[in-house]
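Chain letters run A, B, ... following the sequence lines, proteins first and then strands; every chain starts at 1. Computation of the quantities below employed the complete heavy-atom set of this structure, encompassing side-chain atoms and omitting hydrogens, waters and symmetry-equivalent molecules. Since this is a predicted model, take the numbers as computed values, not measurements.
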Amino acid sequence: LGIFTQVVATCAAAGSVEGANRAFRAAKAAGLQPDCQLYTALMGAYCKGGRLDEAFKVFHEMEAAGVAANRFTFGTLIDGCSKSKQVAKAFGVYGIMMSRKVAPDRHIFHALIEACGKSNSLDRAFDVLQDMKAEKVAPDDYTTTLLLTACNTCGQVERAMGVYRVMRKKGFAKSPAPFTAAINACSTTGSLEAACKIYRDMLKDKVKPDEMVYCALMKVATAAGNVEKAFALLPEMRLRGLTPSIMAYDSLLNTCCKMGLPERAVEVYRTLTAERCKPGVSTFNALLQTLCDAGQLDEALGLLDAMGREGVLLNARSYIVLLGSCAKAKRVDVGVRLFHDAELEGHANN
RNA sequence: GCCUGUGAGUAGAACCUUU
């Protein structure tokens with residue numbers, strides 16, 4: 001059973017619902033009676049694949065087989081409901097769980113908070129926090145991060161800052177994630193000062209920033225229109241012992257794109273190539289967009305060779321950007337050729 | 001007797017999926 005469960009879980013992690021299903025059936029075919037863990041792993045696969053109904057079918061099958069669900073089972077289902085934005089269902093499962101006298105843990109509350117955030121029910125997210133305390137489950141960094149993210153998606157910057165202040169007062173932030181979420185709240189208001197303050201708080205609290213922190217800061221700097229600040233974060237990262245990866249470079253390319261700075265974008269591209277970072281489609285799309293927005297269609301077309309060399313295929317987005325630029329420049333011949341390429345590669349279907 | 005190993009569910013940026 002352990003081996004089959006691992007196979008199911010591995011398939012789920014790889015996004016192969018079919019593989020998970022096959023492994024589950026193989027366990028049965030081997031004459032094994034599935035236990036709670038195996039059923040739960042299969043439900044997880046369905047949930048991750050967005051096939052919530054089938055996850056519930058497995059749950060009912062499990063119940064019919066007389067196998068009792070535990071907190072892992074309920075946690076998997078609630079998380080699946082959250083990912084499919086089915087808040088009511090998530091709380092329904094929570095209700096069943098409580099009626100079965102299964103003690104909830106952090107995962108349960110976290111999945112519920114996430115579900116509330118996704119459905120714009122911020123007040124309810126805070127109710128869950130109260131429930132959590134009532135059940136004597138202590139909030140941690142994950143809890144704070146989820147609450148901050150919920151505030152952000154609901155556009156409640158002030159509330160996010162409130163959560164952040166409480167977190168710092170209690171002093172339990174040990175990881176960079178809650179700080180990143182708090183910084184992200186600042187990009188809504190474009191308040192670079194507030195974001196920098198959070199960054200300084202983090203250093204003061206002896207939490208080591210990771211690359212995502214810098215990407216979030218770059219985003220805020222861009223929203224505030226402060227290009228120099230965004231670029232200054234690159235040496236700052238290095239100063240803290242981090243080597244910028246394609247993530248940071250992509251963020252800077254986005255800055256160039258939003259601010260209309262084709263020369264600097266090309267400069268960033270040169271740097272990341274020199275640093276042996278592997279550019280992806282998003283890297284090239286940001287570059288293409290920047291160049292096209294600036295009317296530099298030929299420079300953009302020149303990049304296509306580089307893409308080929310890097311083994312990066314154009315996607316629909318790349319073609320849309322290029323075709324728009326061809327249209328604006330009235331370059332019919334180039335546009336038609338690109339469109340044919342797009343057709344051949346199956347990107348001309350929308 | 002000792003040692004070791006033994007399966008399942010959570011968070012943050014950007015991107016992509018989907019102009």
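Taking a 4.0 Å limit (strictly below) on heavy-atom distances, residues 217-254 of chain A reaches RNA chain B at K219(A), M247(A), N254(A).
Aromatic ring centroids of F284(A) and Y269(A) lie under 6.0 Å apart. The aromatic ring centroids of Y319(A) and F339(A) lie 6.0 Å or more from each other.
Looking at N70(A), its side chain comes within 3.5 Å of the base of A8(B) through a donor and an acceptor atom. Between the base of G9(B) and the side chain of D105(A) there is a donor-acceptor pair shorter than 3.5 Å. Residue side chain T145(A) does not reach the base of G12(B) through any donor-acceptor N/O pair under 3.5 Å, judged by distance alone.
Taking only side-chain nitrogens and oxygens, N184(A) never comes nearer than 4.0 Å to OP1 or OP2 of G12(B). Look at N315(A) and you'll find a side-chain N or O under 4.0 angstrom from OP1 or OP2 of U17(B).
The side chain of E114(A) lies closest to A11(B), out of A11(B), U19(B), A8(B). For D35(A), counting side-chain heavy atoms from C-beta on, the closest listed nucleotide (G9(B), G7(B), A13(B)) is G7(B). Here the nucleotide nearest the side chain of R71(A), chosen from A11(B), G9(B), U19(B), is G9(B). Ranking C15(B), U19(B), A11(B) by closeness to the L146(A) side chain, first place goes to A11(B). Looking at the side chain of Q37(A), the nearest of the listed nucleotides A11(B), A8(B), C16(B) is A8(B).
Residue Y142(A) and nucleotide A11(B) are classified as a stacked aromatic pair, their ring centres being separated by less than 5.5 Å at an interplanar angle below 30°.
For the pair L77(A) CG and U10(B) C1', the interatomic distance rounds to 14 Å; values are reported in whole Å. Rounded to a whole Å, the CE atom of M43(A) is 14 Å from the P atom of U10(B). The separation between M62(A) atom CE and A8(B) atom C1' is 10 Å, rounded to whole Å. For K258(A) and C15(B), the NZ to C1' distance is 11 Å, given to the nearest whole Å.
Between A13(B) and G9(B), the distance separating the two C1' atoms is 24 Å to the nearest Å. Look at the P atom in both C15(B) and U19(B): the space between them is 14 Å, to the nearest Å.
Inspection of the N70(A) and T73(A) side chains reveals an N or O donor paired with an N or O acceptor under 3.5 Å. Side-chain contact check for S282(A) and N285(A): no donor-acceptor pair (N or O, by modelled atom type) lies under 3.5 Å. Donor-acceptor pairing under 3.5 Å is lacking for the side chains of T76(A) and T40(A).
The minimum heavy-atom distance between K133(A) and P139(A), with the atom names listed, is CE-CG, 4.2 Å.
When heavy atoms are screened at a 4.0 angstrom cut-off, D140(A) is found touching no nucleic acid atom at all. Residue contacts for S175(A): at a heavy-atom cut-off of 4.0 Å it reaches a base atom on one of the strands shown. Across all strands shown, I3(A) has no heavy atoms under 4.0 Å from either base or sugar-phosphate atoms.
The side-chain tip of R159(A) points at the ring of F126(A) from less than 6.0 angstrom away and within 45° of straight on. With a 6.0 Å cutoff to the six-membered ring centre and a 45° limit on the axis angle, R100(A) does not count as a cation-pi contact of F74(A).
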